[in-house]
Amino acid sequence: MGIKVCKPFCLSFKGVPTSLKILCDNVSGAFVLSESLNRLISLVWTKVDETLLDTMIWFYDPLLHCVTYRDFQLVPTLEEFSSILGLPVLDQMPYTGEEEIPKLKDVDAALHLPRSEIKKVWVNKGDYTGLPIDFIYSQAKILINATNVTVTKIFIDNNLVPTLLGDLLHSIHHRSSKGKGCVLGCAPLLHKWFISHLPRSVIKNEEGGTWVQRIMRLSYDDIVWNQKEFEGTHWFDSCGAFLNVLLLGTRGGITYNPILARHQFGFALKDKPRSIYLSAENFDYDSDTTRKKKLFIRAWSKVKKVCTRELGLRNYIPSDIYFRWIYDRVVEYGMPYPSDIPVVPRVTPPVIPVVLEPYVPAPNEDLGATVASLRREKVDLEKRLREVEAEKIVLVADAKERYGMLDYFSRKWKIEDFVSPDQIQSWEQEIDRLVQERNEMIKAHKEEIRSLKRKRRLED
């Protein structure tokens, strides 16, 4: 069955203000900061490839609130954002925009300014109440010069990660449905998250392909799934009566699927993700927003977490049911570009069961010695298994490299593969100029010969 091609769209991303970059540069240069603050400042200076992010969002699946590719899915999670930011996800209500306005006395104390100065610049326009960002930057600069850093409590409960993830996912969902606009949220955070799942070969791009070409070729086996830093982590599993995790930011709400999230950490999916049954949760955020906000807020008071021990052993290979479901979803929703690699239902290799006969000890056998021998044999076999797996990784990498080289040398190269269109146009213009100059020289030479012939006839 052919895969339909859905029309891609182009979004822009809110960049980091230059004034904030200068402020972070001054802070990092003047003070010895904690690891979490250094991570936050490094995000400000992260170089964001908007083409990469735009290409990634072309694959956004509005039904499941994730990105769906040929045979795998990805979704940013609370745990991953927490790791990148160096901030914990607290067991507290995230910032929702429903909180009370900070009291002036608290703002005065944080900024070390008299209340009269705060009142002069205080803004109260509709939904926006607080201090202008330029004023905060200027005050921060004064405190830095005075070697005194204070932090204004913008989020009352300090549980920042769910708010950041909620705002970002909601903006992606909203802008993708419109097919245009600017994605509001921390673009460097989204960039770092997506890059963490890409293999080095794709990031290095030695073949010089576009992001569309590189991402369209990605398969389940190419993605970086196993992230050891999350071993032993407690993951968010559900919120109240909702099977998914509810994220309510400053602009609206969104849900993300914990089943898909665990899949990224190496736990096999044996069935369809729950989101397929949760189409009713794809809220229209333009209607009855207040009621839905209250539902989300109440649900966060009953958050359920699970540990890796409750999820079983890591398998890393989803079942055929899941792969078939992904294929059906791709067929239904389509891909933003035609794939030069066929999109077909993936089938995992069958597992051949090993039938073992029961062990019957001999009459005079020393069972203790036999158990010890079997344990040593088990250790040797596990060691050999690790060696074979390491050899397999090397062989697979070598095969991919050879395949890439074969594809590289067997390709029918064109000049456009090595030179930009502007350079080709420049060369064509130079050739036209040289041809014209040559024709003019030939014409001038012929004219000079005729002139010499006329002069000689006159002399004769």
J.: Which heavy atom of G166 sits nearest to which heavy atom of L247, and what is that distance?
T.: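 Taking every non-hydrogen atom into account, CA-CB, 3.7 Å.
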
J.: Under the rule for salt bridge (charged side-chain N to carboxylate O under 4.0 Å, His left out), what residues qualify as partners of E391, not counting sequence neighbours?
T.: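 In terms of salt bridge (charged side-chain N to carboxylate O under 4.0 Å, His left out), with neighbours along the sequence ignored, E391 is linked to R384.
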
J.: Can you list everything that forms a salt bridge (charged side-chain N to carboxylate O under 4.0 Å, His left out) with D54? Sequence neighbours excluded, please.
T.: none

J.: Output the distance between atom CG (L189) and atom CD1 (I84), rounded to the nearest 0.5 Å.
T.: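 Output value for this atom pair is 5.5 Å.
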
J.: Rounded to the nearest 0.5 Å, what separates atom CE in M335 from atom CZ in F59?
T.: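 One gets 5.0 Å once the value is rounded to the nearest 0.5 Å.
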
J.: Taking S177 for the side chain and H174 for the main chain, is one N or O donor matched with an acceptor at less than 3.5 Å?
T.: yes

J.: Does a donor on one side chain and an acceptor on the other come within less than 3.5 Å for E79 and W235?
T.: no

J.: To check you understand the geometry: which heavy-atom pair defines the closest contact between G185 and L168, and what is its length?
T.: CA-CD1, 3.9 Å

J.: In this structure, are over 12 heavy atoms from other groups packed under 6.0 Å from K305 atom NZ?
T.: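 For K305, atom NZ is crowded (more than 12 foreign heavy atoms under 6.0 Å).
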
J.: What residues form a side-chain contact (heavy atoms from CB on, under 4.5 Å) with N205, not counting sequence neighbours?
T.: R214

J.: Are L63 and T68 close enough, and set up right, to give a side chain to side chain contact (heavy atoms under 4.5 Å, CB included), and what steps lead you there?
T.: CA-CA 10 Å; L63 176 63; T68 299; over 6 Å; no

J.: Please report the shortest heavy-atom distance between Y337 and M216, naming the atom on each side.
T.: O-CE, 2.8 Å

J.: Could you walk me through whether W193 and M56 pass the side chain to side chain contact (heavy atoms under 4.5 Å, CB included) test, one step at a time?
T.: CA-CA 12 Å; W193 166 76; M56 179 199 74; 3.8 Å; yes

J.: Can you list the residues that meet the side-chain contact (heavy atoms from CB on, under 4.5 Å) rule with R386, with sequence neighbours excluded?
T.: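 R386: side-chain contact (heavy atoms from CB on, under 4.5 Å) contacts with E382, K383.
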
J.: Taking side-chain contact (heavy atoms from CB on, under 4.5 Å) as the test, write out the residues that go with T51, two or more places apart.
T.: D49, T55, W211

J.: Rounded to the nearest 0.5 Å, how far does NE2 of H65 lie from CD1 of I172?
T.: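 That separation rounds to 11.5 Å.
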
J.: At their closest point, which heavy atom of L78 faces which heavy atom of V89, and how far apart are they?
T.: O-CG2, 3.9 Å

J.: Calculate, to the nearest 0.5 Å, the distance between atoms CG and CD1 belonging to L190 and I195 respectively.
T.: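 Result: 10.5 Å between the selected atoms.
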
J.: Please find the pair of heavy atoms, one from L74 and one from C66, that lie closest to each other, and give the distance.
T.: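 Taking L74 first and C66 second, the nearest heavy atoms are O-CB, 3.2 Å.
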
J.: Let me see the working for I321 and W325 under side chain to side chain contact (heavy atoms under 4.5 Å, CB included), right down to the final yes or no.
T.: CA-CA 6 Å; I321 297 175; W325 178 77; 5.6 Å; no

J.: Suppose we screen for salt bridge (charged side-chain N to carboxylate O under 4.0 Å, His left out). Which residues come up paired with E332, at least two apart in sequence or across chains?
T.: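 Partners of E332 under the salt bridge (charged side-chain N to carboxylate O under 4.0 Å, His left out) test: R329.
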
J.: Hey, does the side chain of D167 reach the backbone of L164 with a donor-acceptor pair shorter than 3.5 angstrom?
T.: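 Not at all, since once roles are kept as given, no pair shorter than 3.5 Å links the two residues.
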
J.: In Å and rounded to the nearest 0.5 Å, what is the CG to CG distance from L198 to L218?
T.: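 L198 CG to L218 CG: 6.5 Å, rounded to 0.5 Å.
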
J.: To the nearest 0.5 Å, tell me how far E377 CD sits from L381 CG.
T.: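 Result: 5.5 Å between the selected atoms.
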
J.: Let's go through I57 and F13 carefully: what are the C-alpha distance in whole Å and the side-chain angles of both, what is the deciding distance for side chain to side chain contact (heavy atoms under 4.5 Å, CB included) to 0.1 Å, and is it a yes or a no?
T.: CA-CA 11 Å; I57 293 179; F13 296 85; 3.6 Å; yes

J.: For the residue pair C6 and G334, what are the closest heavy atoms and their distance?
T.: SG-C, 4.1 Å

J.: With no hydrogens and no angle check, is any side-chain donor or acceptor of S83 less than 3.5 Å from a backbone partner on E80?
T.: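 No; judged by distance alone, with no hydrogens or angles, the pair does not exist.
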
J.: Strictly distance-based, threshold 3.5 Å: is any side-chain N or O of S238 a donor or acceptor partner for the main-chain N or O of N244?
T.: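 A pair under 3.5 Å: no.
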
